[in-house]
Colleague: 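What follows is a single structure, and I will ask about it in a moment.
Because the structure is predicted, anything quoted here is derived from the model rather than measured. Positions are given from 1, in the same order as the sequence printed here.
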Amino acid sequence: MSRIGKEPVKLLEGVNFTIEGQVVTAKGKLGELTYTMHDGITAKVEGDKIVVLCSDDKAYGNFHGLARALINNMV
């Protein structure tokens, strides 16, 4: 499991974040960004943080940190 992927992403004020299946959308005052995650990667909102989770399959471990970093950059 990725060390970067384990860290939660802090949601900023004014950013609306939605998760619909594998599609993650961040919308703010400057625009909207969308990212489609790989099948073994999931994300969920817990309070004011986004947690990115990875399945136990090692094939998806490489995408865990990548997905978290891309979501962090979107926010």
Side-chain angles (χ1 to χ4, degrees):
M1 190 180 270
S2 170
R3 286 183 283 170
I4 294 171
K6 289 180 183 178
E7 295 181 28
V9 176
K10 185 170 171 54
L11 277 174
L12 302 175
E13 289 185 32
V15 176
N16 295 329
F17 190 82
T18 59
I19 303 169
E20 296 175 3
Q22 295 301 103
V23 178
V24 175
T25 304
K27 186 175 183 180
K29 64 180 180 179
L30 297 177
E32 181 177 338
L33 294 172
T34 304
Y35 170 62
T36 304
M37 297 181 291
H38 286 41
D39 292 332
I41 307 296
T42 57
K44 62 182 178 177
V45 178
E46 294 181 351
D48 65 340
K49 296 180 181 175
I50 304 164
V51 179
V52 179
L53 304 170
C54 179
S55 67
D56 291 334
D57 189 3
K58 292 194 184 245
Y60 295 112
N62 297 335
F63 299 110
H64 186 210
L66 173 69
R68 188 260 178 209
L70 290 174
I71 291 171
N72 186 47
N73 289 338
M74 288 171 57
V75 173

Colleague: With sequence neighbours excluded, what pairs up with K29 under the salt bridge (charged side-chain N to carboxylate O under 4.0 Å, His left out) test?
Modeller: none
Colleague: Please enumerate all residues that pass side-chain contact (heavy atoms from CB on, under 4.5 Å) together with T18, with sequence neighbours excluded.
Modeller: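 side-chain contact (heavy atoms from CB on, under 4.5 Å) check on T18 returns T25.
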Colleague: Keeping to residues at least two apart or across chains, list the ring pair (Phe, Tyr, Trp, His ring centres under 6.0 Å) pairs with something in residues 4-24.
Modeller: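 Counting only pairs at least two positions apart or across chains, no ring pair (Phe, Tyr, Trp, His ring centres under 6.0 Å) contact touches residues 4-24.
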Colleague: Test: side-chain hydrogen bond (donor to acceptor under 3.5 Å, both in side chains). Region: residues 33-42. Which pairs qualify, not counting sequence neighbours?
Modeller: none
Colleague: May I ask you to test the M74-V24 pair for a side-chain heavy-atom distance under 4.5 Å?
Modeller: yes
Colleague: I'd like to check the side-chain hydrogen bond (donor to acceptor under 3.5 Å, both in side chains) partners of E20; sequence neighbours left out, ordered by chain and number.
Modeller: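 Per chain and number, E20 pairs via side-chain hydrogen bond (donor to acceptor under 3.5 Å, both in side chains) with no residue.
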Colleague: Provide the full list of salt bridge (Lys or Arg N to Asp or Glu O under 4.0 Å) pairs with a residue in residues 66-75, sequence neighbours left out, each pair given once.
Modeller: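 Every pair satisfying salt bridge (Lys or Arg N to Asp or Glu O under 4.0 Å) with a residue in residues 66-75: E7-R68.
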Colleague: For L30, which fellow cluster members are found when Ile, Leu, Val, Met, Phe, Trp and Tyr are connected by side-chain heavy-atom distances below 4.5 angstrom, either directly or through intermediates?
Modeller: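 Under the 4.5 Å side-chain rule, L30 groups with nothing.
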Colleague: Only counting residues at least two apart or in another chain, list the ones meeting side-chain contact (heavy atoms from CB on, under 4.5 Å) with E46.
Modeller: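 Applying side-chain contact (heavy atoms from CB on, under 4.5 Å) to E46 gives K44, V51.
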Colleague: Which residues pass the side-chain contact (heavy atoms from CB on, under 4.5 Å) test with D48, not counting sequence neighbours?
Modeller: K10
Colleague: Is it true that V45 and L70 fall in one hydrophobic cluster, defined by side-chain heavy atoms closer than 4.5 Å?
Modeller: yes
Colleague: Given 3.5 Å as the limit, does a donor-acceptor pair link the side chain of H64 with the main chain of V52, or not?
Modeller: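 Here the side-chain-to-backbone pair exists.
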Colleague: Can you see which heavy atom on A43 is nearest to which on I19, and at what distance?
Modeller: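 Minimum heavy-atom contact is O-CD1, 3.3 Å.
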Colleague: Could you pull out all residues at least two apart from L12 that satisfy side-chain contact (heavy atoms from CB on, under 4.5 Å)?
Modeller: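 Checked L12 against side-chain contact (heavy atoms from CB on, under 4.5 Å); matches are V15, V75.
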Colleague: Yes or no on side-chain contact (heavy atoms from CB on, under 4.5 Å) for M37 and I71, after CA distance, side-chain angles and deciding distance?
Modeller: CA-CA 10 Å; M37 297 181 291; I71 291 171; 4.2 Å; yes
